[in-house]
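Structure record follows, encoded as structure tokens.
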Amino acid sequence: MSSWLMKSEPSAYSWETLVKEGRTEWNGVRNYLANNNMKAMKISDKAFFYHSNEGLAVVGLMKIIELWHPDPSDEKGKFGMVTVAPLKPMKKPVALAAIKAEPALAEMVLLRQGRLSVSPVTTDEWQKIMEMGGF
DNA sequence: GCCAACGTTGGC
DNA sequence: GCCAACGTTGGC
């Protein structure tokens, strides 16, 4: 099983909205690397929900409930989306600043490739962030 | 609001 | 197929 980190600006789509709706299509991705990462996802893979721009923190845990399928809003048909559902909020949000300050997380794709909206997370990184998030 | 990083586009 | 120009993302 793999784990992931997915970003959304809360003004566009927030964790609170996802919890309210119960599931959502992760649409609108227009980056090949992010798209490929979503193609690699499997059912019940887990993902961190990260608030970008405002909040700047990992705020919740999600699971993938539907595999990659084409995004109807992409007329060329190259980009797709997965369906996600919320699992639970972090007990404490894990701020970007805290991630940057943690030497064990220095290699995270989140830090090394800041603009990538869907990125892989290693098992060690996952456990560390869970710990920092109060689990 | 600025700007660095970086992905994409298009001319050659 | 290269690379300059341009657009977008996202932290500060």
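On a predicted model such as this, the values are computed, not experimentally measured, just so you know. Order of the sequence lines sets the chain letters (A, B, ...), proteins ahead of strands, with each chain counted from 1.
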Would one find a side-chain N or O of [X] under 4.0 angstrom from OP1 or OP2 of [N]?
X: A/K7; N: C/dT9; value: no
X: A/Y50; N: C/dT9; value: no
X: A/Q113; N: B/dG7; value: yes

Handout entry: Within the 6.0 Å centroid threshold, strictly below: A/F48 and A/W126
Key =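 That pair passes the under 6.0 Å test.
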
Practice task
Taking the six-membered ring for Trp and the full ring for Phe, Tyr or His, determine whether the centres of A/W68 and A/F79 are under 6.0 Å apart.
Solution key: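 Here the rings of A/F79 and A/W68 have centres that are no less than 6.0 Å from each other.
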
Exercise for the section: Flag this pair as yes if the NZ/CZ of A/K88 is under 6.0 angstrom from the six-membered ring centre of A/F135 and inside a 45 degree cone about the axis; otherwise no. Expected result: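 A/K88 over A/F135 ring: yes.
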
Problem - Any donor-acceptor N/O pair under 3.5 Å between C/dT8 base and A/R115 side chain - result: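 Present.
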
Given atom [atom1] of [X] and atom [atom2] of [N], what is their separation to the nearest angstrom?
X: A/E9; N: C/dC12; atom1: CD; atom2: P; result: 15 Å
X: A/L111; N: C/dT9; atom1: CG; atom2: C1'; result: 16 Å
X: A/K78; N: B/dT8; atom1: NZ; atom2: C1'; result: 11 Å

Practice task
Look at all strands and tell whether A/L96 reaches a base, only sugar-phosphate, or nothing, counting heavy atoms closer than 4.0 Å.
Solution key: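 Answer is sugar-phosphate: A/L96 comes under 4.0 Å of backbone atoms only.
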
Problem - Ion pair A/R30/A/D71, N-O distance below 4.0 Å - result: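 A salt bridge is present here (some side-chain N lies under 4.0 Å from a carboxylate O).
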
